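What follows is a short report on a single structure.
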Protein chains: 2
Amino acid sequence: MVGIKDVARAAGLSVATVSRALNGQSAVSDGARAKVLSAAEALGYRPNVVARSLRTDRTRTIGLVISDVLNPYFTELARSVEEEARALGYSVIIGNADERAELEDHHVRSLMERRIDGLLVSPADGRSPTTLDAASGTTPVVFVDRWIPGSDAPVVRSDGRGAIRDLVAHLYGLGHRRLAIITGPAATTTGRERVEAFRAALSEFGLSLPDSHVGTGDFQAESGRLATEAFLDLPERPDAVFATDNLMALGALDAIRDRGLRVPGDIALAAFDDIPWFPHTAPPITAIAQPTAELGRVAVRALAGLIAGEPATSTVLPAHLVVRRSCGEPEPSAPTGGATRE
Amino acid sequence: MVGIKDVARAAGLSVATVSRALNGQSAVSDGARAKVLSAAEALGYRPNVVARSLRTDRTRTIGLVISDVLNPYFTELARSVEEEARALGYSVIIGNADERAELEDHHVRSLMERRIDGLLVSPADGRSPTTLDAASGTTPVVFVDRWIPGSDAPVVRSDGRGAIRDLVAHLYGLGHRRLAIITGPAATTTGRERVEAFRAALSEFGLSLPDSHVGTGDFQAESGRLATEAFLDLPERPDAVFATDNLMALGALDAIRDRGLRVPGDIALAAFDDIPWFPHTAPPITAIAQPTAELGRVAVRALAGLIAGEPATSTVLPAHLVVRRSCGEPEPSAPTGGATRE
DNA sequence: CGGCACGCTGGAAACGATTACATGATCGGA
DNA sequence: TCCGATCATGTAATCGTTTCCAGCGTGCCG
């Protein structure tokens, strides 16, 4: 591999001058710069970023630990994170936790060892000591989507409360009274928050949420199927199911289809997180959409700020309801507040 | 940050002994090892992999450049690659090319600068000189799914010819005669291969493929929509469309739906690449399934072999047709060879 | 004309690990 | 008893950069 020494020799200059010319930092004469540039070009010199990082203690790399790459929500997040990071001159290393705490730990540890400049994490386990340690260490950390209570790292997320209330209003308006929810793990902030918002909205409409109507999932499709099967086995089955992520909604759809039931005729279905496939499922699924790409961009900017020594800033963006047909034919009158119709 | 020197001081030993004890390479006395281990533990020592990599010239990291993270096919591939790599002690850095040649170049270059031990790439541009250079350099490279003709790097891919023939037979059996295809970019091997296999299968059934029935897409949803609109504008529109990837099928579905037409009544639709959503679309989509996860695992093993100095091995795995309802109600008799029915 | 500041350059010291080589101790066999 | 082999350990070189510092020339000002 051609190194800076080879360039220096070819240009007839010292490595120090070559380094300066290449990094454009301090003063180098035009002649020297030209010689260096052409020598580097001719030799096809590519700096060894490993050596550079060792010296500068900066890797220009950020880590992103997401809970599940197979979840379209997170891939969209990952995409926007990478895009924004690249624009800011950073590379991104993605770690996929697969909703498993020990994998999350593995990735967080491994990324810290790589001396990333900053870490973006959406914790699969909201109590992970490893992640909490990382967040309280010297490496800048920003939580995105989910966070760990008790850490003072900034959080970039979207607030689904308003949209969940809109959803309940929508369901209520269509005549549904026995509402059920499939939650995420209680160890995640989003898992807890969504069920709380749902419960609050229900009580606002004078409805209750019996334990039998709360299915605990893990944000994966299979758990959505199981929870839904349990609902369908109830003596009085719910007439609407709210899956708190898109994969569990998929599982719910499977379970309903396998019983030969129909959506929304036999049972209504709605999901948290909107994805490109929802308009195309049978029937198109009513969902709560987060500004996912924006979330990623804002999180990266917050992290870059932190790395540059700026103060931490948390951000909360709104989510909104997208009404389709999976809860029943929408009433032709004015839509509920803030909801989009497709 | 606590370094090896701190551990050495705490253990009352030299850094050399500490390094040896930690890496378990050469002989260290039991006493020394115990002292080192407890000191490292007590101090929370984590090796600086940047420094280690500089010295050893190995990063225990492989790069994966995929054409589009938003495509479920590639996220599944990425997931299995990461999983297998982790099992083998490697980390993975993913680069998303977004089907853009210049982004692919950027990522390949950036990964090489990072001194990754090996590179897995599914080229968005089958003529990229940067990628070709990388493949002919000293860093081991394995192509997965797509490859670059002219390079002798091993290729791990799946052969869709048989399944495409099965698909054509299936369509023919359902009475479809005017078949159309939405291809990927001619710059990709998969783009060319699928249309060739399709054309070959058609002629086997005595059908021709006029130019007007070949829409060129770029493996993204929007291009599928545009190509399909062109088909629908034809004086005599095709009665079946084969989209050569899942996103273009999504776009096709959009276009068909927007015209108020129905699948398969007005027009049949099939896709290359099966994804979890296809059983749930309206109607469920007939697709050709690749053994995606297996592809990823095999590719990683081939790359690890290359890194270890073993000879290169290419692999071709079979794809198969999964019949659903988007081409019409399947005939109740024996299915065409090798196809699965759902 | 002397001195100072400034611009450009090169030598050499980091960065934190691994590892070649040297050293000292211990032990067995001649 | 002495020598050589073996084992555990330490010293120092090394990886490829960046960057501190010193030196040297040049130009400007007093």
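For clarity, every value in this text was computed on a predicted model and none was experimentally measured. The basis for the numbers below is simple: all heavy atoms, side chains too, and nothing from hydrogens, waters or symmetry mates. Every chain is numbered from 1 and lettered A, B, ... according to where its sequence line falls, protein lines coming before strand lines.
Summarising the geometry, the separation between CZ on R9(A) and P on dG11(C) is reported as 13 Å, rounded to the nearest angstrom. Taking atom CZ on R46(B) and atom C1' on dA17(C), their separation rounds to 15 Å, with Å as the unit. If you measure from atom CZ of R115(B) to atom P of dT17(D), you get 7 Å, rounded to the nearest angstrom. When rounded to the nearest whole Å, the span between CG of N48(B) and P of dT18(C) equals 10 Å. Computed from coordinates, the L22(B) CG to dG16(C) C1' distance equals 13 Å when rounded to whole Å. Remark: P of dT17(D) and CE of M1(A) are 11 Å apart, rounded to the nearest angstrom. In this structure, CG of L54(A) is placed 7 Å from P of dG16(C), rounded to the nearest angstrom. One can place CZ of R52(A) at 21 Å from P of dA14(C), the figure rounded to the nearest angstrom.
For E310(B), there are no side chain to side chain donor-acceptor pair (under 3.5 Å) partners two or more places apart in sequence or in a different chain. Take R9(B) and apply the salt bridge (Lys or Arg N to Asp or Glu O under 4.0 Å) test, not counting sequence neighbours, and it matches D6(B). Legend: residues meeting side chain to side chain contact (heavy atoms under 4.5 Å, CB included) with V92(B), ordered by chain and number and at least two apart, are I62(B), L64(B), V81(B), E82(B), A85(B), I94(B). Partners of E84(B) according to the salt bridge (Lys or Arg N to Asp or Glu O under 4.0 Å) rule, which considers only residues two or more places apart in sequence or in another chain, are R301(B). Under the rule for a side chain to side chain contact (heavy atoms under 4.5 Å, CB included), the partners of A312(B) that lie at least two apart in sequence or sit in another chain are P154(B), L306(B).
Here salt bridge (charged side-chain N to carboxylate O under 4.0 Å, His left out) pairs that include residues 114-123 of chain B, with residues two or more places apart or in two chains, number zero. For residues 97-108 of chain A, every residue pair satisfying the salt bridge (charged side-chain N to carboxylate O under 4.0 Å, His left out) rule, not counting sequence neighbours, is listed here: D98(A)-R79(B), E99(A)-R146(A), R100(A)-E102(A). A salt bridge (charged side-chain N to carboxylate O under 4.0 Å, His left out) check over residues 57-74 of chain A, counting only residues at least two apart or in different chains, returns nothing. Residue pairs meeting the salt bridge (charged side-chain N to carboxylate O under 4.0 Å, His left out) criterion with at least one member in residues 44-53 of chain A, sequence neighbours excluded: R46(A)-E113(B).
One end of the helix from dC1(C)-dG30(D) to dA30(C)-dT1(D) points its axis 60° away from the other end's axis, with each axis taken from 5 pairs and the angle rounded to 10°.
Phosphate proximity of dT18(D) to N23(A): present, with a side-chain N or O under 4.0 Å from OP1 or OP2. Remark: Y45(B) is not in phosphate contact with dG16(C), judged by side-chain N or O atoms under 4.0 Å from OP1 or OP2. The side chain of S19(A) contributes no N or O atom lying less than 4.0 Å from OP1 or OP2 of dT17(D).
One N or O on the side chain of S53(A) and one on the backbone of V49(A) form a donor-acceptor pair closer than 3.5 Å.
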Could I get a table of every N or O pair under 3.5 Å where one atom is in the protein and the other is in nucleotides 9-13 of chain D?
{"residue": "dT9(D)", "atom": "OP1", "partner": "S29(B)", "partner atom": "OG", "Å": "2.9"}
{"residue": "dT9(D)", "atom": "OP2", "partner": "S29(B)", "partner atom": "N", "Å": "3.0"}
{"residue": "dT9(D)", "atom": "OP2", "partner": "S29(B)", "partner atom": "OG", "Å": "3.1"}
{"residue": "dG10(D)", "atom": "OP2", "partner": "S14(B)", "partner atom": "N", "Å": "2.7"}
{"residue": "dG10(D)", "atom": "OP2", "partner": "S14(B)", "partner atom": "OG", "Å": "2.8"}
{"residue": "dG10(D)", "atom": "OP2", "partner": "T17(B)", "partner atom": "OG1", "Å": "2.8"}
{"residue": "dG10(D)", "atom": "N7", "partner": "R20(B)", "partner atom": "NH2", "Å": "2.9"}
{"residue": "dG10(D)", "atom": "O6", "partner": "R20(B)", "partner atom": "NH1", "Å": "3.2"}

Check: protein-nucleotides 26-28 of chain D nitrogen or oxygen pairs below 3.5 Å:
none

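Within the model, atoms CG of L111(B) and CG of L119(B) stand 6.0 Å from one another, a figure rounded to the nearest 0.5 Å.
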